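Notes follow the structure.
Here the structure is a predicted model, which is why all the values come from computation and not from measurement.
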Amino acid sequence: MTFLRSDTRFSDLTVKYSISQGQPFRKLRVRIKREIITMRRPLIQPERCRAPAVAPEQLQTWLQRGQDDEGRPVVMMDTRNAFEVDMGTFQNCIDYQIAKFSEFPDIIEGKADEFKGKTVVTFCTGGIRCEKAAIVMQQAGFERVYQLDGGILNYFEKVGGQYWNGACFVFDEREGLNADLQPTRPGS
């Protein structure tokens, strides 16, 4: 990390650690891609303008109260693919059972009125999809949208698993992590 941070392009890089008993990836592969988590919406550019984020600790407080700091009801929206949601998700969340993330913009279009007067918090595994989703929702006319800062795994790390049911799908050999960030797949 010291070497990476010595390069100005990576000096403010957010690093996420995930401790594992074994090697969770068969091999390290680095690929340059045009878009991380394909949405096929070139105007959605989180690197230029981030969606507002809510810290896990603040979200936990909102969920305990059932409302945000302004008294608006809080609605959780899962932006992950259906197979990931089926493994685990937040209690009482909105889930559109999408097959692939590129479907999300079309599914959410025209739904802003259903969420008037509410605060919507998008969430995903590590914070990429939920940020893109929040930007799309803002553009679609949603009044109050936040992304869960750092996603589900950051929530687990900071506050545990309160309001969560099941495991969080991860994209490696462990397959799923529980709220203690331990693998749920036997032998992982």
Side-chain angles (χ1 to χ4, degrees), residues 16 18 24-27 29-47 49-54 56 59 63 74-116 118-156 161 163-179 181 183-186 188:
K16 295 184 181 188
S18 182
F25 294 96
R26 290 184 199 161
K27 62 182 179 178
R29 189 177 350 169
V30 177
R31 293 185 287 182
I32 297 173
K33 299 180 87 175
R34 284 183 202 242
E35 181 180 16
I36 298 173
I37 311 294
T38 303
M39 184 179 260
R40 295 186 183 96
R41 298 282 172 120
L43 297 178
I44 303 301
Q45 299 175 353
E47 68 278 10
C49 181
R50 292 200 71 215
V54 60
L59 177 61
L63 293 174
V74 175
V75 176
M76 299 295 293
M77 185 175 292
D78 204 323
T79 64
R80 299 172 303 147
N81 298 333
F83 74 92
E84 297 170 82
V85 177
D86 291 346
M87 185 177 273
T89 193
F90 279 98
Q91 297 169 9
N92 304 314
C93 77
I94 303 292
D95 161 35
Y96 292 108
Q97 286 288 296
I98 59 177
K100 55 188 177 200
F101 185 61
S102 59
E103 297 173 355
F104 185 82
D106 292 334
I107 289 171
I108 207 68
E109 189 67 38
K111 294 194 184 315
D113 286 346
E114 297 173 29
F115 298 93
K116 277 205 182 299
K118 298 177 181 173
T119 293
V120 179
V121 178
T122 63
F123 64 94
C124 57
T125 306
I128 296 171
R129 282 180 280 187
C130 45
E131 178 163 19
K132 291 177 119 180
I135 294 169
V136 165
M137 292 169 71
Q138 288 174 325
Q139 291 179 353
F142 282 71
E143 293 177 339
R144 184 76 49 107
V145 181
Y146 292 89
Q147 61 172 311
L148 173 56
D149 191 37
I152 299 159
L153 297 178
N154 193 41
Y155 184 88
F156 286 173
Y163 306 107
W164 179 267
N165 292 322
C168 179
F169 179 85
V170 291
F171 298 88
D172 61 38
E173 301 301 316
R174 296 171 297 177
E175 204 166 293
L177 297 178
N178 63 24
L181 297 170
T184 58
R185 191 173 132 204
S188 294

May I have the step-by-step check of side-chain contact (heavy atoms from CB on, under 4.5 Å) for Lys111 and Phe142, ending in yes or no? CA-CA 8 Å; Lys111 294 194 184 315; Phe142 282 71; 4.2 Å; yes
Does Met77 reach the side chain of Phe115, with side-chain heavy atoms less than 4.5 Å apart? yes
Give a yes or no on whether the backbone of Asp149 and the side-chain of Asn154 come within a donor-acceptor separation of less than 3.5 Å. yes
Residues forming a side-chain contact (heavy atoms from CB on, under 4.5 Å) with Ala179, sequence neighbours excluded: Phe156
Using ring-ring contact (aromatic ring centres under 6.0 Å, His included) as the criterion, list what pairs up with Phe169, not counting sequence neighbours. Phe83, Phe171
side-chain contact (heavy atoms from CB on, under 4.5 Å) partners of Asn178, counting only residues at least two apart: Asp180, Gln182, Thr184
Kindly compute the distance separating CD1 (Ile107) from CD (Glu109), expressed to the nearest 0.5 Å. 12.0 Å
Under 3.5 Å, side chain of Gln147 to main-chain N/O of Ala134, donor-acceptor pair present? no
If every non-hydrogen atom of Pro52 is compared with every non-hydrogen atom of Gln138, which pair is closest and at what distance? CD-NE2, 3.1 Å
So, do Pro56 and Leu148 sit near enough that their side-chain heavy atoms are less than 4.5 Å apart? yes
More than 12 heavy atoms of other groups within 6.0 Å of Asn165 CG: yes
Which side-chain N or O atoms in residues 118-126 pair as donor and acceptor under 3.5 Å with protein atoms at least two apart or in another chain?
unit_1 : atom_1 : unit_2 : atom_2 : d
Thr119 : OG1    : Asp68  : OD2    : 2.4
Thr122 : OG1    : Cys130 : O      : 2.8
Thr122 : OG1    : Tyr146 : O      : 3.3

side-chain contact (heavy atoms from CB on, under 4.5 Å) involving Glu143 - partner list, sequence neighbours excluded: Arg72, Lys116
Stepwise, does the side-chain contact (heavy atoms from CB on, under 4.5 Å) test hold for Phe90 with Asp78? CA-CA 8 Å; Phe90 279 98; Asp78 204 323; over 6 Å; no
To the nearest 0.5 Å, what is the distance between CE on Met76 and CD on Gln91? 10.5 Å
Sub-4.5 Å side-chain heavy-atom contact between Tyr163 and Leu59: no
Do Tyr96 and Ile108 have side-chain heavy atoms sitting under 4.5 Å apart? yes
Quick test of your reading: applying salt bridge (Lys or Arg N to Asp or Glu O under 4.0 Å), list the pairs with at least one residue in residues 82-97, sequence neighbours left out, ordered by first then second residue. Glu84-Arg129
Are any non-hydrogen side-chain atoms of Arg80 and Thr89 less than 4.5 angstrom apart? yes
According to side-chain contact (heavy atoms from CB on, under 4.5 Å), who are the partners of Ala82, at least two apart in sequence or on a separate chain? Gln97
For the atom pair CD (Glu103) and CG (Asn81), what is the distance rounded to the nearest 0.5 Å? 8.0 Å
Identify, with sequence neighbours excluded, every residue that meets side-chain hydrogen bond (donor to acceptor under 3.5 Å, both in side chains) alongside Glu114. none
